[in-house]
Every structure is written in C-alpha cells, then in structure tokens.
Amino acid sequence: MKKTIHSGRASLVTLIAALALAACGQEQPQEQQAGQQEAPPYAVEVAEIARQDIPLDKSYPSLLRSDSEVTLVARVNGFLEERHFEPGQLVEQGDQLYTIEPDLYQATVNQREADLQSARAELARAQRDAQRFEQLLSQNSVSRQQYDQALADQRVAQASVAQAEAALTSANLDLGYSNVTAPVSGMISLSQINVGNLVTPGTELATITPLDPLEVRFQLPQRDAFELRRQLGERGSASDITARLSVPGQTNGDNTELEGRLNFLGSRVDTGTSTVQASATFANPDGAVLPGQFVRVRIEGLKRFDVLAVPEIAVTQGLMGPQVFIVDDDNKARERTVQLGEVAGPWQIIRDGLSAGERVVVGDPAGLEPGRAIDPQPFEGNAGAIVEEAEQEEAQQEAEQAEAMQEGEADAQPAEGEEGAQ
C-alpha cells in the first residue's frame, strides 16, 4: 500500500515538473520577443548626403634632384698646384677652388700684350705713311700705285692689331681658366684629381650640388592631372598650387617636410604609364634633404568635384559586397550595397548605390542590424573626428580586454601553485 502511494506521489511530481517546463518553454520565446521589440533605438550620427567637393590626401613618389648641379672640368693644360676647399664644404658662387699653373698663362698674357703693342706701333707707322702718300698724290709727286700700296700696308697693320688683340683675349681666358672658381653655390664633392697631377681640358675635377632650391619631378595619374588642370583653370597659375615634400624614414621634427610650389604640369599623357609629368620647387635653406633621396610629394588642394562621399568608417562588408546603412522614413536601418571610389582622407567616395538626399548612417555602425530603430544624431561634417573617436573606443576596448586577460592569468597562477602543493 505504501509503495502504491509513493509511486502515485512520484508520478504527480513528475507531471507537475513537466507542465512547469512546458510553461517555461512557451513563455521564454514570448519574453525574448518582447525584449527585442522593446530594444531602445540605436543612437548614431545620420546625415543627408549631398554632392560636394572632397579634398584628396594623396602623395606621389619621386627621386629628389638638384636641377642646377654642375660638374667642374679643367679647361687648360697644366699641373694642379692647389686645392682651396675641403670635400663636403658649402661653397659660394665665385669662390676659388683650384689653381692650375697660373704663372705659365700669365707669361703668355704678357707676351700677347707685347705683341699687341708692336702691332699698334706698326699700325701707327702705316697710317702716317698712308697720309703722307695721300698728300704727295695730290701734288702728283708719287704714283697711284705707291699710294695704293701704302693703303694696303695700313690695312695689314690694322689686321695685325686685331689679331694681337684676339690673341691677348685668348691668353687672358686661359689665365682665368687656370683659377677654377665655383659657378654656383652649393655643396662640393670629393676632388677627383689630387694636387700635383697633370690635367687636360675635359678632366673632371669635382661636382657642386646646389641644395637650395631643390627641384622634384614626379608623375601624376592622368585623372589627378585632369582635376588639377581644372583647378588651375579656376586659380590661373601653377605657382598658386602648394606642394609639400616629406622624406620617409625621417622623424626629426621640422626637417621631415618642406613646402614649395608647383612650377610645371605636363600637357600630354604618357601612353606607357597613363601619367602626366609634373615638377615642384622646394626651398631647402638648411640642407634638410639631399639630392638622390626618395621622397613623397603631396599636392595641397587637389580635389574631387561634385561627388557623393561618406566617412570611411560608415562602410561595412556585406554578403553582396561593400554596403552602408540608410535610414528609411520610419527611422529604421536598411542595408544598401554600394560601389566604392577613392579614399580621400577620412572620406570614402561612393561611385554608385546612393542618391543625393538619402539619409545615411555616417557614425560607427558596429552592432547595427537591418530593421533596428535609429535615433538620428546630428552630424557636424567632420569625418575625421568620427574616425578618430571610433579608433579611440576600439583601442580602449582592446586595452580593457588585455587587462582582463592579465587579471585572469594572475588569478590562475595561485591556483596552480595550490595544486602543486597538494
């Protein structure tokens, strides 16, 4: 009898537990559904996009060069007597650099001066004879032939003076070439010839590289060149376009960037590279950068005109490709697949998929799902601030996760010690 009562009670308890579990199973989805319906709207920046001009942040690689670099060569024969500089020194235009046997060429100058004096004396004599024969001819005291001979002697003497003057000029030039001076200001290289060696015309002596200013030639993609020409049409001159030069790998403050001006933009597209040549000039008074370095040139003010763009952080990757979230009339998020253009700083240019006037989620879309109610927040137009804020939040979350992991490892170490003690 007791076994029957116990069995009945057990069956009753089992039945009640089953009914309770069934009731819980029915109520749980209803509670989850109610929770989902009651989720608060997602507060995020929303903007009504419109066409605008977006400044580009592009840089172009180039090899730095000095357009006024000069190689010094000897122009006379002789032994190199003196060198008046130290390699690597900054020299000024007109500074004396080498001396090549000036005494030899000074002696030649003195000889040519004497020859000139002799020729002038002979010319003076021939002129007096011609004048005397002219008077005698008028008195019929000499023949016409004698007078013509006197005139010919005068002309020969004049030619001898001109020849002597030319020889003296050539001798003075050689004397000047025996003292090699700097044709430009800049940094001089190692000397190619040591003192005491014989040099001949054409012998290379050294190289002078002007460091201020520097010219940079680089290649612009044809689309960038077309847009730049469009801006030049509005501004009027290439010199109005600011260019900035940075040297990769340098981290010494002000020396990492130079400011200059665009001075040339080519008028044809290279068919092999689809680029247009351009050049810019940069002031480099302190010699912060040197010719031969690889640099990057950025054109300030280069833009894309009349385009649609969203902050780069607003673009996510969906099943159909890149997408953004738009906000419909009911303030709910909807996915929209888009075609991407260029990245312009913090902005992502949209080529297709959006129309002007649509409302787009421009803030961080992390955790946002289609159909989620949106609480639109005003967008001030500063895409860089949104990207920076999102990066700071991500960095903070990573730091918190790392800290939590470190705390967990610290808690686990004593437990392992206890197990070892046991």
Are the charged groups of E165 and R120 less than 4.0 angstrom apart, N to O?
-> yes

Nearest heavy-atom approach of V361 to A314 is O-CB, 3.3 Å

*asked:* I'd like to know if the side chain of E358 reaches the main chain of S355, judged simply by a donor and an acceptor atom lying under 3.5 Å from each other, with no hydrogens or angles considered.
replied: yes

- Task: Say whether, by atom type as modelled, one donor and one acceptor occur between the side chain of N284 and the main chain of V289 under 3.5 angstrom.
- Result: yes

N-O pairing of R125 and E122 below 4.0 Å: yes

Exercise. Without swapping roles, check the side chain of R372 against the backbone of P40 for a donor-acceptor pair under 3.5 Å.
Key: yes

**Request:** Return yes if some donor-acceptor pair links the side-chain N/O of Q348 with the main-chain N/O of G341 below 3.5 Å, else return no.
**Result:** yes

Practice item. Using distance alone, with no hydrogens and no angle criterion, decide if T337 and Q323 have a side-chain donor and acceptor under 3.5 Å apart. Key: no

More than 12 heavy atoms from other groups under 6.0 Å of CD on Q96:
yes

Pair E134-L137, side-chain contact (heavy atoms from CB on, under 4.5 Å): steps then yes or no: CA-CA 5 Å; E134 184 178 6; L137 180 64; 5.7 Å; no

Heavy-atom donor-acceptor pair, D53 side chain to D306 backbone, under 3.5 Å:
yes

Do T281 and L214 pass the side-chain contact (heavy atoms from CB on, under 4.5 Å) test, and can you show the C-alpha distance, the side-chain angles, and the key distance before you say yes or no? CA-CA 6 Å; T281 302; L214 291 174; over 6 Å; no

Is the number of heavy atoms from other residues, nucleotides or ligands within 6.0 Å of CD (Q139) greater than 12?
yes

Which of T275, V295, L245, I299 passes side chain to side chain contact (heavy atoms under 4.5 Å, CB included) with F218? Answer is I299

Give a yes or no on whether a salt bridge exists between D224 and K58, defined as a side-chain N under 4.0 angstrom from a carboxylate O. yes

Residue pairs passing the ring pair (Phe, Tyr, Trp, His ring centres under 6.0 Å) test with at least one member in residues 89-125, sequence neighbours excluded, are F85-Y98

Rounding to 0.5 Å, atoms CD (Q293) and OG (S62) come to a distance of 11.5 Å

(Q) Could you check whether T209 and E69, counting side-chain N and O atoms only, form a donor-acceptor pair closer than 3.5 Å? (A) yes

Task: Donor-acceptor pair, side chain of S170 and main chain of A167, under 3.5 angstrom - done: no

Using a cut-off of 6.0 Å, state whether more than 12 heavy atoms not belonging to R334 lie near its atom CZ. yes

What one should report as the nearest heavy-atom pair of V324 and V315 is CG1-CG2, 4.0 Å

Heavy-atom closest pair (F325 atom, P365 atom, distance to 0.1 Å) is CD1-CB, 4.1 Å

_Can you tell whether the side chains of E342 and R223 come within less than 4.0 Å, N to carboxylate O?_
yes

Between the OG1 atom in T181 and the CG atom in D95, the distance rounded to the nearest 0.5 Å is 8.5 Å

**Message:** Quick one, D148 with Q145, criterion side-chain contact (heavy atoms from CB on, under 4.5 Å). Give me CA distance, side-chain angles, the key distance, then yes/no.
**Reply:** CA-CA 5 Å; D148 290 343; Q145 182 179 2; 5.7 Å; no

Smallest heavy-atom separation, R351 atom then L340 atom, equals CD-O, 3.1 Å

Has the side chain of S189 got a donor or acceptor atom that lies under 3.5 Å from a matching backbone atom of T207?
yes

Result for side chain to side chain donor-acceptor pair (under 3.5 Å) between R359 and one of D328, N331, D329 points to N331

ask   = Taking the side chain as C-beta and beyond, is there a heavy-atom pair between L211 and L290 under 4.5 Å?
value = yes

When rounded to the nearest 0.5 Å, the distance separating CG of L80 from OG of S191 is 6.5 Å

Does any N or O in the side chain of S143 come within less than 3.5 Å of the main-chain N or O of Q146, such that one atom is a donor and the other an acceptor?
yes

Give a yes or no answer on whether the side chain of Q93 reaches the backbone of P183 with a donor-acceptor pair at less than 3.5 Å. yes

* Would you indicate whether Q317, at its atom CD, is surrounded by more than 12 heavy atoms from other residues, nucleotides or ligands within a distance under 6.0 Å? => yes

- Query: Going by atom types only, do Q111 and D115 share a side-chain donor-acceptor pair under 3.5 Å?
  - Reply: no

Report yes or no: do Q131 and D129 form a side-chain donor-acceptor pair below 3.5 Å?
no

Q | Exceeds 12 heavy-atom contacts within 6.0 angstrom, atom CD of Q222 | A | yes

Checklist entry - Between R298 and E257, is there a salt bridge with N-O shorter than 4.0 Å? => result yes

One should read off an interatomic distance between T99 OG1 and N179 CG, to the nearest 0.5 angstrom, of 5.0 Å

Looking at R229 and E227, is any side-chain nitrogen of the basic one under 4.0 Å from a carboxylate oxygen of the acidic one? no

Donor-acceptor contact present, side-chain R336 to main-chain L354, <3.5 Å: no

